[in-house]
Amino acid sequence: MYAVIKTGGKQYRVQPGDVIVVEKLDGEAGSNVSFGDVLMLGGEKGVTVGAPMIAGAAVAATLVETRKGEKIKIFKKTRRQGYRRTNGHRQMETVLRITGIDGAGEKAKWDGETSLMTKAEMNLRARGLAPRVEATEAEPVKAAAKKAPAKKAAPKAKPASTEEA
């Protein structure tokens, strides 16, 4: 099942389990967010289109983190006039994990675990710089990734010469 929701002046097609990045929403990491502006629902019963919204439909999500987005450079120049201006901007954004869709007589729920690890923590762990507080699934993978030293190949036996007498 999928839904098309509207938030921050944009529309997003979402399914349970999706991770989306939207304009900044208020709330702490781990809080639940609900979207009532559902424009369209699609599922086993077919597609339901709202006029403009679907009454009673809702999409539930968990707020994973609020962060700054990519850096944007603004450069203005007027040639031959000595006019140059450089500016920068980083927009605040919110990362959401879609946990459920409800509406049009259907329900879809995501049964997985919502990790609240930030992007910076993921980058540190990937490089092995972050301290490990508890055992994770990544440790057995690292142990399996280490290869045993390669064995030297046995010298090849020379083929028997076939001399005719």
Side-chain angles (χ1 to χ4, degrees), residues 1-43 47-104 108-142 144-147:
M1 182 173 188
Y2 68 92
V4 176
I5 60 172
K6 184 172 90 172
T7 179
K10 299 175 183 74
Q11 298 175 5
Y12 300 91
R13 182 186 187 274
V14 296
Q15 292 178 321
D18 284 354
V19 176
I20 61 172
V21 179
V22 299
E23 296 286 324
K24 183 179 183 254
L25 299 173
D26 292 332
E28 295 294 321
S31 63
N32 293 324
V33 180
S34 181
F35 298 100
D37 295 343
V38 179
L39 304 171
M40 185 172 90
L41 287 171
V47 176
T48 305
V49 180
M53 307 293 172
I54 298 175
V59 173
T62 301
L63 197 145
V64 176
E65 72 172 320
T66 301
R67 65 183 185 202
K68 283 188 172 183
E70 295 292 319
K71 188 179 289 187
I72 299 171
K73 289 271 193 177
I74 298 109
F75 182 72
K76 299 177 182 180
K77 179 181 177 180
T78 304
R79 65 183 189 159
R80 296 188 298 269
Q81 305 300 317
Y83 174 80
R84 296 192 311 176
R85 300 289 182 267
T86 302
N87 248 330
H89 179 72
R90 291 183 74 186
Q91 185 71 31
M92 293 298 289
E93 58 189 26
T94 300
V95 180
L96 299 171
R97 166 79 70 178
I98 305 299
T99 56
I101 299 174
D102 184 17
K109 192 169 183 171
W110 186 64
D111 297 329
E113 179 183 329
T114 303
S115 173
L116 299 179
M117 188 183 309
T118 63
K119 190 174 184 181
E121 289 172 342
M122 283 190 246
N123 289 340
L124 287 175
R125 283 199 178 182
R127 290 188 221 142
L129 301 175
R132 296 197 184 271
V133 177
E134 57 185 302
T136 62
E137 294 177 14
E139 290 176 357
V141 174
K142 282 189 176 181
K146 293 181 182 178
K147 292 184 177 180

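Here the structure is a predicted model, which is why all the values come from computation and not from measurement.
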Find the distance between CG (D37) and CD (Q11) and round it off to the nearest 0.5 Å. 10.5 Å

To check you understand the geometry: which heavy-atom pair defines the closest contact between L39 and M53, and what is its length? CD2-SD, 3.4 Å

How far does NE2 of H89 sit from NZ of K68, to the nearest 0.5 angstrom? 9.0 Å

Side chains of E65 and T94, heavy atoms from C-beta outward: is any pair under 4.5 Å? no

Honestly, is R85 close enough over F75, meaning NZ or CZ under 6.0 Å from the six-membered ring centre and within 45° of the axis? no

Any side-chain heavy atom of E93 sitting closer than 4.5 Å to one from R67? yes

Begin with the C-alpha distance, continue with both residues' side-chain angles, and end with the deciding distance and a verdict on side-chain contact (heavy atoms from CB on, under 4.5 Å) for M92 and T66. CA-CA 7 Å; M92 293 298 289; T66 301; 3.9 Å; yes

Rounded at 0.5 Å granularity, tell me how far CD1 in I98 sits from CD1 in I20. 4.0 Å

Shortest non-hydrogen contact from T7 toward L25: OG1-CD2, 4.0 Å

So E70 and Q91, side-chain contact (heavy atoms from CB on, under 4.5 Å) or not? Walk me through it. CA-CA 7 Å; E70 295 292 319; Q91 185 71 31; over 6 Å; no

Check whether any side-chain heavy atom of Y83 lies under 4.5 Å from a side-chain heavy atom of K77, and answer yes or no. no

Using side-chain heavy atoms (C-beta onward) and a distance below 4.5 Å, is V47 in contact with Y2? yes

Quick check for you: to the nearest 0.5 Å, what is the distance between D18 atom CG and R13 atom CZ? 8.0 Å

Just verifying a value: how many Å separate T99 OG1 and K109 NZ, rounded to the nearest 0.5 Å? 7.5 Å

Any non-hydrogen side-chain atom of L96 less than 4.5 Å from a side-chain atom of V64? no

Among I101, V38, V22, find the one that has a side-chain contact (heavy atoms from CB on, under 4.5 Å) with I5. V38

From CE (M1) to CG (L41), nearest 0.5 Å: 4.5 Å

Is the shortest side-chain heavy-atom distance between W110 and R97 below 4.5 Å? yes

For a 4.5 angstrom cut-off between non-hydrogen side-chain atoms, does V95 reach V19? yes

Verify side-chain contact (heavy atoms from CB on, under 4.5 Å) between T48 and I54, making sure each step is shown before the conclusion. CA-CA 8 Å; T48 305; I54 298 175; 4.1 Å; yes

